[in-house]
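One structure is given below, encoded as structure tokens.
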Amino acid sequence: VFLWNLLIDAYGRFGDAVSARKIFGNLAGKNIYSWSLMLSAYARNEHLDLAEEVYAAMPEWNLVCWNTLLTAYKQHSRVESAKLLFDSIQERTLMSWNLLLTAYTQNRYLKEAKLLFDKMPEWDQVSFTSMLTGYVRTSDIGQAKALYERMPYWDLVVSTAMLSAYSLAGHLEDAESIFYRMQEWNLVSWNAILSAYSRHGRLDVARKIFDGMRERNIISWNALLSAYALKGHVKQAKLVFESMLEWNLISWTTMLTGYCLNGCLEEAKLVF
RNA sequence: CACUGACCAUGUAUG
């Protein structure tokens with residue numbers, strides 16, 4: 001059963017809920033892990049209705065499956081359902097609280113988020129990050145900063161969130177000072193500072209950061225691309241675009257917007 | 001063996 005469970009998990013993560021379902025369906029002696037894995041396979045792959053069916057059919061429920069269903073509701077913006085589930089479950093961990101909080105903040109229920117945050121039995125870095133991004137989404141940089149300064153310490157994720165918040169609010173220098181005071185960096189935080197410079201039109205610095213990065217992903221490339229495309233350097237942007245190894249919807253939209261902003265309507269049409 | 005937070009374009013509700 002362990003091994004079959006691993007396979008269900010793999011298919012679920014790969015996005016193939018149908019194959020996961022086949023294995024699950026034929027599996028004799030399903031345990032609570034099998035059920036939870038099937039539940040998250042559906043939850044991850046945009047099948048909320050099927051996830052609910054699996055949940056309803058489960059022989060028993062535990063914390064993990066409640067949390068998984070909360071995650072699914074949150075991702076599908078079913079905030080009311082998340083709240084109902086949260087109120088009805090037998091036990092809650094900090095993660096369950098964080099999930100409801102994130103359901104609120106990601107869907108801009110800021111008042112509810114604030115009330116819940118103040119009612120929580122404890123907070124961890126996730127709780128703070130979630131509340132912080134709630135403020136950011138509602139453009140309240142002041143509250144975001146106040147919350148950040150209340151924290152006992154800062155991990156990589158919450159620092160990156162605050163860095164991006166400053167950048168979004170137009171405070172490049174505050175973003176920089178967070179970055180340089182951090183104890184550790186990863187690809188995401190490098191991308192965040194790169195995009196901060198890019199957003200503020202500091203093309204030279206953005207380029208240097210990009211060139212100096214040890215690893216890059218498509219987000220890094222798109223950030224550099226937008227530095228050029230949206231600040232009037234269409235030719236440079238085109239060069240970057242052509243050296244990219246892969247493109248996604250964001251790359252194309254960036255390039256298209258760049259052409260439009262610079263009056264290159266023919267090129268824009270071609271891209272489109 | 002299962003569950004939560006941060007990074008990229010455009011748009012995102014007094015139009």
Using a strict 4.0 Å threshold on nitrogen-to-oxygen distance, state whether A:Arg202 and A:Glu176 make a salt bridge. no
Taking only Lys NZ, Arg NE, NH1 and NH2, and the carboxylate oxygens of Asp or Glu, determine whether A:Lys114 and A:Asp118 approach each other closer than 4.0 Å. yes
N/O-N/O pairs, protein side and nucleotides 4-6 of chain B side, under 3.5 Å:
| unit_1 | atom_1 | unit_2 | atom_2 | d |
| --- | --- | --- | --- | --- |
| B:U4 | O2 | A:Asn98 | ND2 | 3.3 |
| B:G5 | N1 | A:Asp155 | OD2 | 3.1 |
| B:G5 | N2 | A:Gln125 | O | 3.2 |
| B:G5 | N2 | A:Thr129 | OG1 | 2.8 |
| B:G5 | N2 | A:Asp155 | OD1 | 3.2 |
| B:G5 | N2 | A:Asp155 | OD2 | 3.1 |
| B:G5 | N3 | A:Thr129 | OG1 | 3.2 |
| B:A6 | O2' | A:Ala161 | N | 3.1 |
| B:A6 | N1 | A:Asn186 | ND2 | 3.1 |

As a test of your reading of the structure, name each stem of RNA chain B as range with range, where a stem is three or more consecutive Watson-Crick or G-U pairs at under 3.5 Å. none
Taken to the nearest whole Å, CG/A:Leu69 to P/B:C3 is 15 Å
Here the distance between atom P of B:C8 and atom CD1 of A:Ile219, to the nearest Å, is 7 Å
Nearest whole angstrom, please: distance from the P of B:C7 to the CD1 of A:Ile209. 18 Å
Criterion side-chain contact (heavy atoms from CB on, under 4.5 Å) against A:Leu116, the qualifying member of A:Leu101, A:Asn98, A:Thr105: A:Leu101
Base B:A2 to side chain A:Asn62, donor-acceptor N/O within 3.5 Å cut-off: yes
Students often mix this up, so state it plainly: with edges at 30° and 60°, are the rings of A:Tyr55 and A:Trp61 parallel, tilted or perpendicular? tilted
Euclidean distance, atom CZ of residue A:Phe24 to atom P of B:A2 [Å, nearest integer]: 16 Å
Please work out whether the ring planes of A:Trp185 and A:Trp190 are parallel, tilted or perpendicular, with thresholds of 30° and 60°. tilted
Nearest-angstrom distance, C1' atom, B:A2 to B:A6: 24 Å
May I have the step-by-step check of ring pair (Phe, Tyr, Trp, His ring centres under 6.0 Å) for A:Trp252 and A:Phe241, ending in yes or no? CA-CA 9 Å; A:Trp252 288 98; A:Phe241 192 81; 5.1 Å; yes
Taking only nitrogen or oxygen atoms into account, show me every contact under 3.5 Å that the protein makes with nucleotides 9-15 of chain B, one pair per line with its distance.
| unit_1 | atom_1 | unit_2 | atom_2 | d |
| --- | --- | --- | --- | --- |
| B:A9 | O4' | A:Thr254 | OG1 | 3.0 |

Measure the acute angle between the ring planes of A:His47 and A:Tyr42, then classify it against the limits of 30° and 60° as parallel, tilted or perpendicular. perpendicular
Count the heavy atoms belonging to other residues, nucleotides or ligands that lie under 6.0 Å from CD of A:Gln183, then report whether that count exceeds 12. no
Taking any heavy-atom pair under 4.0 Å as a contact, classify A:Arg13: base, sugar-phosphate, or nothing. sugar-phosphate
Whether over 12 other heavy atoms sit under 6.0 Å from A:Lys30 NZ: yes
Pairwise C1' distance, B:U14 and B:U10 [rounded to whole Å]: 23 Å
